[in-house]
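From a predicted model like this one, the values you see are computed outputs, not experimental measurements.
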Amino acid sequence: MVDRPDRLGGGAQAFAAVPRRVAWVALGGNLGQVADTFRVALRDMATWPGTQLLGVSALYETQPWEAQGPLFLNAVSAWSTALGPQEWLSAMLALENRLGRERPHLHAPRSLDLDLLAFDDHRSATPFLQLPHPRALERAFVLAPWAELRNRVGSFGQPPLPDAAELARLCEAQGATLSRAPGWEKTVD
């Protein structure tokens, strides 16, 4: 995906001079047509000012982990962006709501869950934004797609991930497997 001036509105030239950072975003969901919801979310995120999709992982199917309901689909995406981490968090929460995310209780089934995993080397420990994501390195449903995507697009200096043997152990223990829809990422603009 390439930033196009028509997507960036009147501020395209202003964003051309702004330094870019890399945002890593996890996508998850277990209600509705999750892969379709992911496609809509990725397309929407690609319209944010100064933002370009670098890549997206394959889909991973997992048992609910610290959650309830049917099987989850999970993926990780990487973005080049001129926006800041707080802007990403606010925009992701608004996008979740627009695409039907409800929060009736903690760990409820969901149509879309977006988590900001890392944002360059930015560190944050506020109640609203913790970077890097404090539990990402414990969750196979995040680690498997993140490792796969980093192998394709590069690490961009992000935290080291577990080695292949540890990742395989976590995937087995937590029920993370490659989804029956590999290659779905090729259907994203």
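- The CG atom of L83 sits 7.0 Å away from atom CZ of F119, with the distance rounded to the nearest 0.5 Å.
- Note on residues 25-37: pairs passing salt bridge (Lys or Arg N to Asp or Glu O under 4.0 Å), not counting sequence neighbours, are D36-R39.
- Looking at residues two or more places apart in sequence or on another chain, you find no salt bridge (charged side-chain N to carboxylate O under 4.0 Å, His left out) involving E87.
- Atom CG of L54 and atom CH2 of W79 lie 8.5 Å apart (nearest 0.5 Å).
- Between the OG1 atom of T37 and the CG atom of L27 there is a distance of 10.5 Å, given to the nearest 0.5 Å.
- Contact detail for L59 and A75: the closest heavy-atom pair is CD2-CB, 4.1 Å.
- Within the model, atoms CZ of F72 and CD of E61 stand 12.0 Å from one another, a figure rounded to the nearest 0.5 Å.
- Looking at T81 and W88, their side chains do bring a donor and an acceptor atom within 3.5 Å of each other.
- Taking A147 as the reference, L161, L167 meet the side chain to side chain contact (heavy atoms under 4.5 Å, CB included) condition, with sequence neighbours excluded.
- Annotation for N74 and G28: closest pair OD1-CA, 3.6 Å, computed over non-hydrogen atoms.
- Here the side chains of M92 and L95 are not in contact, with every heavy-atom distance at 4.5 Å or above.
- Going from atom OG1 of T62 over to atom CG of N30 covers 8.5 Å, rounded to the nearest 0.5 Å.
- Nearest heavy-atom pair, E96 versus L114, reported as atom, atom and distance to 0.1 Å: OE2-N, 2.6 Å.
- With rounding to the nearest 0.5 Å, the separation of CG in D115 from CH2 in W24 is 15.5 Å.
- Across every non-hydrogen atom of S57 and E148, the tightest pair is CB-OE1, 3.3 Å.
- Side-chain atoms of T51 come within 3.5 Å of backbone atoms of P49 as a donor-acceptor pair (strictly under, hydrogens ignored).
- When the shell of 6.0 Å around CD of E166 is examined, it contains more than 12 heavy atoms from other residues, nucleotides or ligands.
- Heavy-atom minimum distance, Y60 versus A58: CD1-O, 3.3 Å.
- Summarising the geometry of R21 relative to A82, their closest heavy-atom pair is NH2-O, 3.8 Å, with the distance given to 0.1 Å.
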